[in-house]
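I have placed the structure first, in the form of structure tokens, so that the comments after it can refer back to it.
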There are 2 protein chains.
Amino acid sequence: MVNQDDILNSRHIKPTAMRELVLKVLSEQNTAFSLADLEKKFEKADRATLYRTLKTFEENKLIHSIDDGTGSVKYALCKETCQCKPEDLHVHFLCTKCQHTYCLNDIAIPTISLPVNFKLETINMVVKGISINCI
Amino acid sequence: MVNQDDILNSRHIKPTAMRELVLKVLSEQNTAFSLADLEKKFEKADRATLYRTLKTFEENKLIHSIDDGTGSVKYALCKETCQCKPEDLHVHFLCTKCQHTYCLNDIAIPTISLPVNFKLETINMVVKGISINCI
DNA sequence: AACAACTTTGCAACTCAGTTGCATAAACTT
DNA sequence: AAGTTTATGCAACTGAGTTGCAAAGTTGTT
Ligand SMILES: [Mn+2]
Ligand SMILES: [Mn+2]
Ligand SMILES: [Zn+2]
Ligand SMILES: [Zn+2]
């Protein structure tokens, strides 16, 4: 079992106390986490620091961001091998009851054929509905 | 050729001057339009009025909103027969160069098979890339 | 150890999209 | 015309995200 510092180092992120704590919290979640969620979890920590921690993590592909349309961006840990390339993209699921967002890591985004005048770069696919926990 | 008032009436929206103007502008676009775009188009009109006009249009399914991840919601006219039901959903394309968003009305959102613990309601699918006009 | 150079953190202030309360104006109803 | 409902205009506010800047912490060098 890998420790937090090794994970941070492997992504070339200097392991500070703050970053270790944030990574720990993120790795305990099974749904994506927003900046506001983090703030609640760390009453004492500063919003800007948490914000920059998330940015650093994202830049170094330790986490990926998810725009689920709720108005607050959420973040989830990337798989160890993830490079946030098109082939790493997956579908996300937003529960409209509890607003939690799940990574459906095993569900690749289906390929679609675009009109010739559009050149595809990336796709964001968010499925909305109800999670069984919320029925 | 149908006139603006008939369109508004058919969606049970009282045709006011403001609404006629907004509908006219929206129907002239071939890409989706944001509130900010509308404001620029109508220097004189009030933001809140334009905002509420869009809300009214959306509630009555004259337009649909598109969350393309740019941070500002965009709107586009619905097809005459549209009821904004799942079968009316289509893929949207965001040009990452010019930030314009296109309705790909003919491209239905592919069905995906979810894990059993998730019940699908709706899907948002935004393809990002470059439109040929912007190369 | 002392120093400089660089990085991270904390605080405050700000932007920008979206939204609301409330008073006035306009449009219907009787 | 008088009363009722609906739409508009203005101002003020919210909440997410972002930035400038100074203080604190790290790292490397003498
Ligand atoms: Mn994910
Ligand atoms: Mn559309
Ligand atoms: Zn739920
Ligand atoms: Zn373009």
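Throughout, a chain's letter reflects where its sequence line sits, starting with A, and its residues are numbered from 1. In what follows, every heavy atom counts, from backbone to side chain, and hydrogens, waters and symmetry copies are set aside.
Across the protein-nucleic acid pair, B:Lys14 atom NZ and C:dA27 atom C1' stand 6 Å apart, rounded to whole Å. The CG-C1' distance, from A:Leu38 to C:dG10, rounds to 16 Å in whole Å. Here the C1' atom of nucleotide C:dC16 and the NZ atom of B:Lys40 are 12 Å apart, to the nearest Å. Taking atom CG of residue A:Asp46 and atom C1' of nucleotide C:dT8, one finds them 12 Å apart after rounding to whole Å. Nucleotide C:dT19 holds its P atom 14 Å from the CG atom of B:Leu50, rounded to whole Å. B:Asn9 places its CG atom 11 Å from the P atom of C:dC28, with the value rounded to the nearest Å. B:Leu35 has its CG atom 11 Å from the C1' atom of C:dT19, to the nearest Å.
Contacts of B:Ser10 classified as side-chain hydrogen bond (donor to acceptor under 3.5 Å, both in side chains), with partners at least two apart in sequence or in another chain: none. Take B:Gln99 and apply the side chain to side chain contact (heavy atoms under 4.5 Å, CB included) test, not counting sequence neighbours, and it matches B:Thr70. B:Lys24 meets the side-chain hydrogen bond (donor to acceptor under 3.5 Å, both in side chains) test with B:Glu28; sequence neighbours excluded.
With 3.5 Å as the limit, one finds a donor-acceptor pair spanning the side chains of A:Thr101 and A:Lys74.
Sorted by first and then second residue, the salt bridge (charged side-chain N to carboxylate O under 4.0 Å, His left out) pairs involving residues 31-47 of chain B (not counting sequence neighbours) are B:Asp37-B:Lys40.
Separating the CG atom in A:Asn105 from the SG atom in A:Cys78 is a distance of 9.0 Å, to the nearest 0.5 Å. Rounded to the nearest 0.5 angstrom, B:Phe57 CZ and B:Ile7 CD1 are separated by 10.0 Å. From A:Thr56, atom OG1 reaches atom CG of A:Leu62 across 10.0 Å, with rounding to the nearest 0.5 Å.
Of the residues in residues 15-27 of chain A, those placing a heavy atom less than 4.0 Å from an atom of DNA chain C are A:Thr16, A:Met18, A:Arg19, in numerical order. Residues from residues 67-78 of chain B that place a heavy atom under 4.0 Å from any atom of DNA chain C, listed by number: B:Gly71, B:Ser72, B:Val73.
Remark: B:Tyr51 is in phosphate contact with C:dT19, judged by side-chain N or O atoms under 4.0 Å from OP1 or OP2.
Note on A:Lys44: nothing from the nucleic acid sits closer than 4.0 angstrom, heavy atoms only.
In this structure, B:Val116 shares a hydrophobic cluster with no other residue, the cluster being traced through Ile, Leu, Val, Met, Phe, Trp and Tyr side chains under 4.5 angstrom apart.
Between A:Val25 and A:Gln29 the shortest heavy-atom distance is O-NE2, 3.0 Å.
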Compile the donor-acceptor pairs under 3.5 Å between side chains in residues 83-93 of chain A and protein atoms, sequence neighbours left out, one pair per line.
residue	atom	partner	partner atom	Å
A:Asp88	OD2	A:Gln83	N	3.0
A:Asp88	OD2	A:Cys84	N	3.2
A:Asp88	OD2	A:Lys85	N	3.1
A:His90	ND1	A:Asp88	O	3.2
A:His90	NE2	A:His64	NE2	3.4
A:His90	NE2	A:His92	NE2	3.0
A:His92	NE2	A:His64	NE2	3.3

List, one per line, each side-chain donor-acceptor pair under 3.5 Å for residues 11-18 of chain A, sequence neighbours excluded.
residue	atom	partner	partner atom	Å
A:Arg11	NE	A:Lys61	O	3.4
A:Arg11	NH1	A:Lys61	O	3.2
A:Arg11	NH1	A:Cys82	O	3.1
A:Arg11	NH2	A:Lys61	O	3.4
A:Arg11	NH2	A:Lys79	O	3.2
A:Arg11	NH2	A:Glu80	O	3.1
A:Arg11	NH2	A:Cys82	O	3.3
A:Thr16	OG1	A:Arg19	N	3.2

Could you go through residues 120-135 of chain A and list every donor-acceptor pair under 3.5 Å that involves a side-chain atom there, pairing it with any protein atom two or more places apart or in another chain?
residue	atom	partner	partner atom	Å
A:Glu121	OE1	B:Thr96	OG1	3.2
A:Asn124	ND2	A:Asp67	O	3.4
A:Ser131	OG	A:Asn133	N	3.3
A:Ser131	OG	A:Asn133	ND2	3.0
A:Asn133	ND2	A:Tyr102	OH	3.2

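Here the range on DNA chain D touched by chain B, meaning any atom under 4.0 Å from one of its heavy atoms, is D:dT6 to D:dA12.
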Taking only N/O atoms, report every protein-nucleotides 22-25 of chain C pair under 3.5 Å with atom names and distance.
none

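Hydrophobic clustering of Ile, Leu, Val, Met, Phe, Trp and Tyr side chains at less than 4.5 Å, counting indirect connections, unites B:Leu8 with B:Phe33.
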